[in-house]
Amino acid sequence: MKIGIIGGGAIGLLLAAYLSDEYEVTVYTRRSLQAQRLMREGLRLVKRGETKCISLQAMPFTNADISDDLVFVTVKQYDVAEIINRQNQFDRAETVVFLQNGMGHVKRLSSLTKKNVIVGTVEHGALKHDDHTVEHTGIGKIVLARLYGAFGQAANLAKKNIPDFPFEIANDWESVLVKKLIVNAVINPLTALLRVKNGELLKVKPYYEMMALLFSELKQVLPMEDEQAAWDHIVNVCEKTADNYSSMFMDISQQRKTEIDAILGYVLEKGKELGVPLPLSQFLFAAIKGMEERGAEHG
């Protein structure tokens with residue numbers, strides 16, 4: 001099976017590193033320089049202090065004619081629209097998997113209903129050191145759920161036993177994405193604003209109280225079958241990724257745009273729809289947007 005991965009960020013490179021053992025993988029990057037480096041020097045996977053070098057195919061996404069059997073889209077939430085606008089480039093791909101934080105992209109995927117469209121969540125920790133080096137900082141799983149069509153070739157991944165990189169199939173796409181959205185909405189903005197690693201949210205009592213206050217807002221507008229299980233999941237993710245910096249923290253630190261619109265922006269939209277005021281979410285949203293603007297001015 002041929003697998004294409006659109007996006008050369010941390011998650012795209014981590015996927016490429018693990019899937020290259022079993023499949024023919026091509027990474028489609030935004031910048032031609034990154035593709036050239038991946039082709040020339042290979043992809044380096046750092047895990048538990050050891051480095052493994054992997055050879056694979058890479059090329060710029062612009063003008064690429066993508067004919068892979070299965071395509072993963074791993075770009076940031078705010079870049080999904082651009083990928084969908086250029087869907088003619090992957091017309092021949094039967095199955096496309098979208099792995100983004102938040103839920104703002106789901107409504108955009110309705111133009112792809114002729115394909116098998118899968119949405120998923122990534123529970124691994126990954127840190128991109130440079131254009132061809134990714135570190136696996138936390139072992140988790142990737143959960144996939146059907147949005148349109150069938151699972152297609154994506155079903156084969158769940159049958160494979162890839163060490164430290166399991167895939168899981170779920171039935172209800174909305175519950176899968178909401179579960180991850182709740183985690184992202186609590187951990188990401190707080191760690192970015194407070195400038196702390198994920199584990200500090202559990203260690204410092206006032207930070208823990210902030211988490212609880214934010215969660216109490218989220219549960220008013222997001223569907224949760226079991227509120228206690230949802231809270232326990234947030235705590236569990238904080239524990240498992242205690243030494244990690246969240247992706248939003250990293251984006252702010254490196255003066256990049258964050259995914260706050262797709263995370264808390266989506267939550268605030270739900271609040272408006274339901275007529276529920278969400279003052280803490282609104283405060284955090286404005287704080288992160290302000291930090292983004294300040295970073296752009298000084299970048």
Side-chain angles (χ1 to χ4, degrees), residues 76-78 100-106 119 121-125 137-138 140 143 174-253 256-295:
K76 293 277 193 178
Q77 172 81 232
Y78 46 76
Q100 278 71 40
N101 286 327
M103 292 179 68
H105 60 299
V106 173
V119 290
T121 59
V122 180
E123 295 177 15
H124 293 275
T137 56
V143 183
E174 187 176 27
S175 65
V176 168
L177 294 190
V178 166
K179 186 179 180 183
K180 181 72 186 294
L181 175 65
I182 293 163
V183 170
N184 286 332
V186 172
I187 296 175
N188 281 18
L190 285 177
T191 52
L193 182 63
L194 299 168
R195 317 291 289 156
V196 295
K197 291 181 178 179
N198 295 354
E200 292 297 302
L201 296 180
L202 301 181
K203 282 187 201 169
V204 182
K205 190 168 181 281
Y207 294 172
Y208 186 85
E209 289 168 356
M210 291 167 80
M211 284 174 67
L213 285 168
L214 183 53
F215 179 72
S216 69
E217 276 197 359
L218 299 176
K219 67 187 186 184
Q220 295 178 62
V221 295
L222 296 176
M224 299 183 203
E225 280 182 28
D226 185 335
E227 290 177 6
Q228 186 59 49
W231 173 254
D232 291 343
H233 182 56
I234 296 168
V235 171
N236 182 250
V237 170
C238 273
E239 289 171 343
K240 278 171 62 178
T241 62
D243 289 327
N244 291 6
Y245 289 108
S246 72
S247 57
M248 195 169 288
F249 176 104
M250 296 301 293
D251 287 339
I252 290 290
S253 299
R256 295 189 303 238
K257 188 177 178 183
T258 72
E259 295 180 289
I260 194 69
D261 291 287
I263 298 172
L264 280 186
Y266 179 87
V267 171
L268 291 170
E269 273 183 34
K270 284 289 173 194
K272 275 184 193 169
E273 284 173 23
L274 299 168
V276 177
L278 302 169
L280 184 51
S281 301
Q282 187 73 60
F283 167 80
L284 281 168
F285 179 82
I288 299 299
K289 293 299 276 188
M291 291 167 83
E292 265 186 2
E293 281 185 30
R294 193 156 173 265

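All values reported here derive from a predicted model rather than from experimental measurement.
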Original post:
Between atom CD of Q100 and atom CD1 of I263, what is the distance when rounded to the nearest 0.5 Å?
Top reply: 11.0 Å
Original post:
N188: what forms a side chain to side chain donor-acceptor pair (under 3.5 Å) with it, not counting sequence neighbours?
Top reply: S247
**OP:** For residues L177 and Y266, determine if any side-chain heavy atom of one lies less than 4.5 Å from a side-chain heavy atom of the other.
**Re:** no
Subject >> Note: E269-K272 ion pair, threshold 4.0 Å (strictly below) >> reply: no
Subject >> Aromatic plane relationship, W231 with F215 - under 30° parallel, 30 to 60° tilted, over 60° perpendicular >> reply: tilted
Subject >> Candidate list M291, Q77, M248, test side-chain contact (heavy atoms from CB on, under 4.5 Å), partner T258, passing option >> reply: M248
Original post:
To the nearest 0.5 Å, how far apart are CZ in F283 and CD1 in I288?
Top reply: 9.5 Å
**OP:** Nearest 0.5 Å please: distance from the CE atom of M250 over to the OG1 atom of T191.
**Re:** 11.0 Å
Original post:
For the atom pair CG (L278) and OG (S216), what is the distance rounded to the nearest 0.5 Å?
Top reply: 9.5 Å
Original post:
What residues form a side-chain contact (heavy atoms from CB on, under 4.5 Å) with E174, not counting sequence neighbours?
Top reply: M103, D172, V178, P223
Original post:
Which heavy atom of A192 sits nearest a heavy atom of I252, and at what distance?
Top reply: CB-CG1, 4.3 Å
Original post:
Any idea which heavy atoms bring F249 and V196 closest together, and the distance?
Top reply: CE1-N, 3.7 Å
Subject >> Set of residues satisfying side-chain contact (heavy atoms from CB on, under 4.5 Å) with respect to V176, sequence neighbours excluded >> reply: T121, V143, A145, A170
Subject >> side-chain contact (heavy atoms from CB on, under 4.5 Å) involving F285 - partner list, sequence neighbours excluded >> reply: I260, D261, L264, L268, Q282, K289
**OP:** Just jot down the side-chain contact (heavy atoms from CB on, under 4.5 Å) partners of K257, sequence neighbours excluded, or say none.
**Re:** Y78, E292
**OP:** Measure the spacing between CG of L193 and CE of M210 and express it to the nearest 0.5 Å.
**Re:** 6.5 Å
Original post:
Looking at P189 and A185, what are the two nearest heavy atoms and their distance?
Top reply: CG-O, 3.1 Å
Original post:
Is atom CD of E225 surrounded by more than 12 heavy atoms (other residues, nucleotides or ligands) closer than 6.0 Å?
Top reply: no
Subject >> Side-chain heavy atoms of Y245 within contact of T137, under 4.5 Å >> reply: no
Original post:
Does any N or O in the side chain of E259 come within less than 3.5 Å of the main-chain N or O of G102, such that one atom is a donor and the other an acceptor?
Top reply: no
Original post:
Nearest heavy-atom pair of I182 and L218: which atoms, and what distance?
Top reply: O-CD1, 4.1 Å
**OP:** Step by step, work out the salt bridge (charged side-chain N to carboxylate O under 4.0 Å, His left out) result for K197 and E200.
**Re:** CA-CA 6 Å; K197 291 181 178 179; E200 292 297 302; over 6 Å; no
Side-chain donor-acceptor distances from residues 232-242 under 3.5 Å, at least two apart:
unit_1	atom_1	unit_2	atom_2	d
D232	OD1	Q228	NE2	2.9
T241	OG1	N198	ND2	2.9
T241	OG1	V237	O	2.6

Original post:
Donor-acceptor pair, E217 side chain versus S281 backbone, under 3.5 Å?
Top reply: yes
**OP:** Any chance you could measure N184, atom CG, to N101, atom CG, to the nearest 0.5 Å?
**Re:** 4.0 Å
